[in-house]
Amino acid sequence: MSMKDLLGLFRHVKIDSYEKGEIILRKGETQKKIFFIKKGLIRGYMMNEKYCEITFQLYPEYHIFGNIYAILFDEPSKFSFQALEATKVYEVDYNSFIKVTSRNPNLTELSRRFVGKKMMKQAFQRVESFVLLSPEERYLKYMNDYPNVINRAPDKYIANVLGITPVSLSRIKGRIASKKIYWI
């Protein structure tokens, strides 16, 4: 990929900052933006039928997120996204991204890998973990995959992501801690 290719793409990228607690995308919005997290932590969540917030994903640095419903299906978002920390992102309008990348064969593959495959892989890995792993195995895998998120996000959000209650998460943590052998 040439410098000219990259510069053409970066002309459409905007750098934005969000304060802790700020909503970045709201349920019902139709904007097609892709976000790459430079610094910070983002929570993807939705409301259930009892109007309780359910966190489905936590996105740390160097991950992408966006309104997958608008991007793939031209539908309003079913999710909201909130900064859990002061966050800096690179954002690009999806349509502009596709327009620029489709005109250049060097960027077309980047487009496919960066957006479609990355977002779909995240979704499939989540489904796969629920089908194949026990709650304790999911927690251990999450700790391994996202070691810096465990201490940055409240347990209630981590429990939601793992599909368990905060009480179950506490018990799992206790079992894991009791299995550790400390050498003196």
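Between the CG atom of D16 and the NZ atom of K38 there is a distance of 15.0 Å, given to the nearest 0.5 Å. The line from OH of Y90 to CD1 of I64 is 15.0 Å long, rounded to the nearest 0.5 Å. Summarising the geometry, atom OG belonging to S170 is positioned 7.5 Å from atom CG belonging to D155; distances are rounded to the nearest 0.5 Å. Between the CD1 atom of I23 and the OH atom of Y18 there is a distance of 11.0 Å, given to the nearest 0.5 Å. Between atom NZ of residue K32 and atom OG of residue S96 there is a gap of 11.5 Å, rounded to the nearest 0.5 Å.
Residues K39 and E85 are not paired through a salt bridge, judged by the lack of any N-O separation under 4.0 Å between the basic side chain and the carboxylate. A salt bridge does not link K14 with D93: every distance from a Lys NZ or Arg NE/NH1/NH2 to an Asp or Glu carboxylate oxygen is 4.0 Å or more. Ion pairing between E61 and R152 holds under the 4.0 Å rule for side-chain N and carboxylate O.
Y146 has its ring centre less than 6.0 Å from the ring centre of H63. Centroid-to-centroid, the aromatic rings of F81 and F65 come within less than 6.0 Å. Between F79 and Y45, the ring center distance fails the sub-6.0 Å criterion.
In this structure, the side chains of E53 and M47 come closer than 4.5 Å at one or more pairs of heavy atoms. Counting heavy atoms from C-beta outward, Y69 and D74 have side chains that stay 4.5 Å or more apart. Counting heavy atoms from C-beta outward, F73 and N67 have side chains that stay 4.5 Å or more apart. Looking at heavy atoms from C-beta onward, S17 lies out of side-chain contact with T87 at the 4.5 angstrom threshold. Using a 4.5 Å heavy-atom cutoff, the side chains of I176 and Y139 are in contact. Considering only heavy atoms from C-beta on, I15 stays 4.5 Å or farther from E91 through its side chain.
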Check step by step if side-chain contact (heavy atoms from CB on, under 4.5 Å) holds for Y142 and V149. CA-CA 9 Å; Y142 196 82; V149 171; 3.7 Å; yes
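Looking at every heavy atom in both residues, G28 comes nearest to P76 through O-CB, 3.4 Å. Here the closest non-hydrogen pair linking K27 and S77 is CG-O, 3.5 Å. In terms of heavy atoms, P60 sits closest to N148 at CB-OD1, 4.3 Å. The heavy-atom pair separating L133 from R138 by the smallest distance is O-NH1, 3.0 Å. Minimum heavy-atom separation, Y157 to L84: CE1-CD2, 3.7 Å. Closest approach of A83 to I24, counting heavy atoms only: N-CD1, 4.1 Å.
Heavy-atom contacts from other residues, nucleotides or ligands closer than 6.0 Å to NZ of K156 number 12 or fewer. In this structure, R126 places its CZ atom where more than 12 heavy-atom neighbours from other residues, nucleotides or ligands lie under 6.0 Å away.
Here the rule is side-chain hydrogen bond (donor to acceptor under 3.5 Å, both in side chains) with Q82, and of R43, R26, K20, E22 only R43 fits it. T55 pairs with exactly one of L162, N160, I158 by the side chain to side chain contact (heavy atoms under 4.5 Å, CB included) rule, that one being N160.
One hydrophobic cluster holds both M143 and L58 under the rule that ILVMFWY side chains link at heavy-atom gaps under 4.5 Å.
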